[in-house]
Each structure stands twice: as structure tokens, then as C-alpha cells.
2 protein chains.
Amino acid sequence: MATIKEVAERTGLSSTTVSRVINNHPYVDESKRQLVLTAMEELGYVPNSSARRLRGQRTQTIAVIISRIVNPFFSHLVDAMERTASELGYQIILCDSRLNKKRELAHLELLKAKQVDGVILASLQNKWEDIKPYTRYGPIISCNEYDSMAKLPMIICDQEAGGYIGTKHLIDRGHTHIAYAGGADRIELTHDRKKGFVRAMEEANLPILPEFMFPSNYGIEDGKRIFQRIFAMENRPTAIFAGGDEVAAGIIQEAKRFDYSVPRQLAVIGFDNQPIADLIDPGITTIDQPIELMGSRAVELMVDSIKQDRTLSYNKELLPLQLIIRQST
Amino acid sequence: MATIKEVAERTGLSSTTVSRVINNHPYVDESKRQLVLTAMEELGYVPNSSARRLRGQRTQTIAVIISRIVNPFFSHLVDAMERTASELGYQIILCDSRLNKKRELAHLELLKAKQVDGVILASLQNKWEDIKPYTRYGPIISCNEYDSMAKLPMIICDQEAGGYIGTKHLIDRGHTHIAYAGGADRIELTHDRKKGFVRAMEEANLPILPEFMFPSNYGIEDGKRIFQRIFAMENRPTAIFAGGDEVAAGIIQEAKRFDYSVPRQLAVIGFDNQPIADLIDPGITTIDQPIELMGSRAVELMVDSIKQDRTLSYNKELLPLQLIIRQST
DNA sequence: CTGAAAGCGCTTACAG
DNA sequence: CTGAAAGCGCTTACAG
């Protein structure tokens with residue numbers, strides 16, 4: 001690869017001048033600028049990225065930590081982030097923790113190694129005390145998942161409200177025996193959704209039966225298992241709020257296998273509004289999360305704080321969730 | 001952030017020695033090694049990535065160009081690649097072309113800028129002549145999509161065989177009126193699949209009717225449209241080979257809406273074995289692509305050629321496809 | 001408007 | 001076993 005020196009030699013100018021042309025500095029004689037431009041073209045010159053980064057102490061790169069790229073929620077989030085980032089002249093480096101604490105911390109080390117200018121935590125495996133030390137080394141913001149202990153800017157959805165409106169919808173449909181299947185127990189988001197469920201139930205004076213509460217569900221298989229347990233009950237719930245669309249899909253699929261009618265015998269509501277919610281039959285009523293907005297806001301805030309170079313103050317941006325009604329309720 | 005110099009000062013040693021410890025060089029006095037190790041620990045020292053890259057002329061990073069991360073096929077492929085890469089001590093940088101030629105070329109520029117050691121092209125927007133100039137700047141290999149003109153190493157699936165076994169399966173089931181819905185017309189893979197379809201049909205002396213051929217289909221919506229067109233026909237096909245599972249899903253969904261029975265009235269076979277194929281009802285018979293294998297082989301080959309630093313010779317690695325039978329046929 | 005020189009933070013011959 | 005020095009390829013005061 002050609003270097004700036006070769007371009008300088010070819011044009012008979014100094015590398016300083018070449019650098020000025022590269023960086024669109026003013027005060028370069030127009031004819032010389034042209035000379036440099038054509039020389040760069042002829043040599044196929046592109047500035048060495050490592051050299052620029054080292055010299056400039058900036059990488060124009062943001063790390064996004066997620067837990068699983070094959071989860072459509074995250075691939076859409078990353079997609080949205082990448083779109084905004086590239087508009088703002090930044091690159092995204094995708095860090096998949098694979099739900100592993102060590103991997104998550106290893107990705108945070110990128111900040112120390114100055115390989116990225118900032119980190120967006122879209123999933124959270126570690127406790128706040130383990131994340132905290134890294135905040136010295138650059139901006140970290142949390143997006144989607146969160147830990148309310150964390151003194152980080154957060155771009156998140158109002159999960160409690162999501163839990164509430166979903167449950168309210170079931171109640172409005174006349175259900176009184178409502179079950180609840182929560183998601184990953186480890187994360188706060190899961191608990192906030194449940195709080196919303198509880199609030200709606202209490203408001204309507206409905207009982208929350210322990211046998212109707214199914215914690216820690218992640219995918220299709222969990223949904224199938226839940227249906228089997230419900231099916232085996234004496235007094236079955238007539239509706240269930242599932243922690244995610246995949247779990248809801250599993251419940252519905254298994255219900256079909258047992259010729260159990262959704263929504264007539266069991267109404268099912270999901271969460272996330274993933275593509276699958278519209279694909280299976282019946283379509284899944286669900287809570288839509290504004291993924292695009294969340295992703296672009298997170299990146300905007302990140303780029304902002306990189307540029308300002310100020311320490312980020314703790315603030316929480318709550319985005320609204322929306323009920324999407326389909327045929328499963 | 002602490003630098004190597006600070007570690008050196010703190011220990012009273014030279015940065016040369018510190019560097020030797022960092023890089024696990026032999027010939028460092030054990031007590032001094034310990035001294036350095038604790039100093040690094042205390043300072044939270046991590047070597048500056050840009051400096052190492054500049055100095056070493058290596059980035060330990062591979063660019064993977066795909067067309068759309070929200071396509072589950074690609075997110076699984078990237079997932080597999082990342083797994084292998086991290087085992088081999090490499091990072092993946094995700095480059096989403098968004099089906100855009102310019103963006104694809106911009107990503108190839110990373111090679112010139114020495115921001116990556118090599119590029120894996122998992123999708124292909126540009127013609128070979130536009131890609132070719134970049135091969136001077138580092139290893140490029142193609143994976144999944146391909147252009148047979150290209151003098152690149154390729155890790156690809158045997159699409160022609162895939163088209164053949166899928167069609168053969170329908171013929172074995174007794175179908176004689178078989179329709180075919182192809183994928184993106186621009187790519188060679190699509191044409192090879194169709195060749196397989198044609199070969200199976202000719203072998204069985206079955207006619208290929210022009211009105212049964214639907215080119216350029218990408219998603220659910222295309223599938224729905226195809227079903228409507230079939231439904232409107234006088235003489236309908238009794239089976240259709242769809243270019244992808246999403247198209248197949250669209251056909252099935254729309255068929256349901258019209259109370260048209262799959263597979264009794266219309267057998268449907270997809271391609272890719274995406275999660276959706278097992279989710280909708282009836283499950284979609286499909287052709288499984290060995291995504292994991294393709295991803296890991298591509299990365300292995302890439303790391304190999306980075307290390308060897310030899311120019312890559314043109315060779316083609318054909319991976320086998322497999323028929324997965326579900327309820328849609 | 002232009003260039004010589006310093007320096008970003010490393011690693012690696014080279015000399016000892 | 002250890003260190004001084006050069007250099008990777010840039011950019012940016014500084015001086016002119």
C-alpha cells in the first residue's frame with residue numbers, strides 16, 4: 001500500500017501538505033491540491049487507519065454489546081444502530097457476549113485498548129460494580145437492558161407500562177384467570193414487566209395465582225412446556241401473558257397440537273413484536289418495542305458524548321411501548 | 001490510559017522489557033516479569049490497539065460483508081464466523097452492504113486502509129471486475145454467494161444439487177405439475193438452483209411451463225402474491241419449489257387464507273431451513289444449508305491465508321445440501 | 001500557503 | 001537477560 005510519503009514524493013510536496021489535502025484543510029494552493037488528488041488516485045492511496053487512530057486518539061468506532069445476534073430483536077437493533085452510526089461517520093463493532101460474563105468484560109476492554117471510542121451496552125451480563133471501573137476509560141451507555149443501580153445514561157423502554165397495557169388488554173377482553181410467563185430472570189427488565197402485570201391485576205382485583213406464574217422462559221421450547229403444564233391443570237387459565245413472542249409461539253404451537261383453541265380456550269399475548277408474531281397462525285397480539293428509535297437514539301447520544309468528551313451524566317430516557325392486537329387474544 | 005512507558009517507569013525497567021512481558025517473549029527474568037505483571041495490573045494497563053496495529057502491520061481483524069443482518073441466514077452465518085474467529089484470536093467486523101454496491105466497495109476499502117487483514121464476501125453486489133482490483137491489498141474469499149467468473153477461493157454450497165434434490169422429492173411424491181419460484185435474479189446461486197430444478201424435471205420428462213415460473217422473489221409478500229397468481233389459474237400446479245423459506249411461508253399463509261390445503265392441494269418446498277420453516281403450520285419441507293460449516297470453513301481458510309501471506313489461489317469448496325422433510329410436501 | 005520536526009504507543013533488530 | 005534507538009504512517013503545532 002502506498003503511504004503518504006509516496007504521495008508526497010510523487011508530487012514533490014511535503015507530507016504535511018498531502019495530509020492537509022486529505023483532511024480538507026483550507027490554505028492549500030488549488031493547483032497543488034489537484035496534484036495531490038490525482039497522485040492519490042493514481043497510487044490508489046487510502047490513509048492508514050491505524051496510524052490515524054494512533055495519532056488522533058480517536059477511532060470513530062463504537063462497540064455494541066449484545067447477547068445473541070441470532071435473536072431477531074438484536075439483529076434489528078444492531079441494524080438500526082449501524083444505520084445511524086454510518087450517517088454520523090461512525091463504525092459499529094459488533095460484540096456478541098453469547099450471554100457470557102467474561103466475554104462481556106473482554107469486550108469492555110476494547111475501551112481500555114482504545115480500540116473504540118465508546119460502548120453501548122444493549123445487553124447486560126455483569127453487575128454494575130463490575131462494569132463501573134470501565135466508565136473511566138470512555139463513555140458507556142446502556143440501551144434496552146438496564147440495571148437501575150447503574151449510573152449510566154439509559155435509553156430504554158418503559159417495560160412496566162408494557163406489562164401493564166398487555167395485561168389490561170386481557171382483562172378488557174373479559175379474562176379473569178390470567179397466567180404470566182416471564183423472561184430471563186436475571187435482568188431487571190423482566191421484573192419491571194411483571195410489576196406492570198401485577199399492577200393491572202391488582203387494579204382489577206384479580207388474583208395472582210402462584211401456579212399461574214412461570215418464571216425464566218427464553219424460547220419456543222419453554223413455551224411448549226408451559227402449555228403442557230397448563231393443559232395438565234384442573235383449573236386452567238384462560239389467558240397468558242408470555243415474556244416474549246417466541247415463548248408465545250411455542251405455547252400456540254403446542255396448543256394446536258392438542259387441538260386447544262387459541263384464543264377461544266387460551267388467549268396468548270407476547271412481547272417484542274418480532275417477525276414471527278405476524279407469521280404464525282393465529283397472529284400473536286404483542287407489545288411492540290420501538291427498536292429503530294431505541295437504536296438510533298442510543299447512537300446519537302453516544303456520538304454526542306464522544307464529541308463533547310464530557311463525563312456522561314446519569315439520565316434515563318424512557319421510550320413508549322405499544323400494544324399490537326392480532327388474533328391470539 | 002496508562003502507556004507502556006508508565007509501566008516501564010513504575011518498574012524501573014525499559015519499555016522493551018515490558019513489551020517482552022506483554023508478548024510472552026522468553027528471556028525475561030522471572031522476578032522482573034512479576035514486577036511488570038503487577039505494575040500492569042495496578043495501572044489497569046492494556047496495550048493500545050492502534051499502536052500495535054500500526055507497528056505490527058496486522059489487525060487481527062476480518063471484515064465480513066453481508067447484504068442484510070436482519071436476514072436470519074446472515075445472522076446465523078455471522079454468528080458461526082464469529083465463533084471460529086474468536087477461537088483463532090481474530091475479530092470480525094460486520095459490514096452490511098444493505099444490497100448497495102457503493103457500500104460494498106466502501107467496505108472493501110477497509111483492506112486498503114489496513115483496517116482489516118482480509119475480507120470475506122458472503123454476499124456480492126458488484127461484478128467481479130469491480131472487486132478484482134482489491135485483491136492486491138489482501139486476501140478476499142467468497143462464501144455463500146459467488147460469481148463463477150471470480151478468481152477467488154470460494155466456500156459455497158452445491159446449489160444446483162439443492163435445486164435437484166428438492167425437485168426430485170416433489171416428483172417422487174407423484175407431482176407432475178410443478179411450479180418454481182426463484183430468488184434474487186441478480187445472483188448466480190439463484191440460477192444454479194434453477195438448473196437443478198430443470199435437470200430433475202427433464203430427467204423425469206416433465207414439462208416446464210412458463211406460467212409456472214416465478215422469478216425474483218425475496219420475502220413473505222412475494223410468496224403471498226405468487227399464491228394469488230396460482231389461485232387465479234385455470235390449471236394450477238400441484239407443487240411449488242420456492243426460492244426461500246420466507247417465500248414458501250408467504251405462499252402457505254396465503255393458501256390458508258383461501259382455505260387451500262397445503263400439502264394436499266399444493267405441496268410447497270422452501271430453501272435454507274430457517275427457523276421459520278419449523279415454526280409455521282404446516283412445517284416447511286426445505287433444503288438445509290450447512291451454515292455453521294460454511295462460516296467456520298471460510299474463517300479458517302481466511303486465517304490460514306492471512307498467516308501464510310501467500311496470494312490465494314482460485315479454488316472452490318462445494319458443501320453438500322440436505323433435504324429436510326416436514327409437512328408441507 | 002508550505003515544510004521540518006515531534007510525537008501518538010508500540011515492537012524489533014541490534015548491541016551489549 | 002536487558003536497553004537505546006529506530007520506525008510503523010499519520011497529524012499538528014511551530015516557524016517561515
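Chain A is the first sequence line, chain B the second, and so forth, proteins listed ahead of strands; every chain is numbered from 1. In this text, all values refer to a predicted model and were calculated from it rather than measured experimentally.
Put simply, the side chain of A/Pro153 does not reach to within 4.5 Å of the side chain of A/Lys316, judged on heavy atoms. At least one side-chain heavy atom of B/Gln125 sits less than 4.5 Å from a side-chain heavy atom of B/Leu99.
Salt-bridge annotation for B/Lys151 and B/Glu129: absent, with no side-chain N of the basic residue lying under 4.0 Å from a carboxylate O of the acidic one. Ion pairing between a basic and an acidic side chain is recognised when a charged N comes within 4.0 Å of a carboxylate O; B/Arg33 and B/Asp29 show no such pairing. A salt bridge is defined here as a Lys NZ or Arg NE, NH1 or NH2 lying under 4.0 Å from an Asp or Glu carboxylate O, and A/Arg103 with B/Glu82 meets this definition. Ion pairing of A/Arg68 with B/Asp79 is absent here, as no side-chain N (NZ or NE/NH1/NH2) approaches a carboxylate O to less than 4.0 Å.
Pair assignment for C/dG3 gives D/dC14, based on Watson-Crick or G-U wobble hydrogen-bonding distances that are each under 3.5 Å.
With the nearest nucleotide of DNA chain D identified for both B/Pro26 and A/Asn48, B/Pro26 has the one nearer the 5' end. Between B/Gly12 and A/Lys5, the residue anchored nearer the 5' end of DNA chain D, judged by the nucleotide with its closest heavy atom, is B/Gly12.
Counting any heavy atom pair closer than 4.0 Å across all strands shown, B/Lys114 reaches no nucleic acid atom. A/Thr16 comes within 4.0 angstrom of a base, heavy atoms only. When heavy atoms are screened at a 4.0 angstrom cut-off, B/Arg20 is found touching base atoms of the nucleic acid. Residue contacts for A/Thr3: at a heavy-atom cut-off of 4.0 Å it reaches the sugar-phosphate backbone alone, with no base atom in range.
Taking the C1' atoms as reference points, C/dT12 lies 16 Å from C/dG16, given to the whole Å.
Scanning DNA chain D 5' to 3' for nucleotides with an atom closer than 4.0 angstrom to a non-hydrogen atom of chain B gives a first and last hit of D/dC1 to D/dG9.
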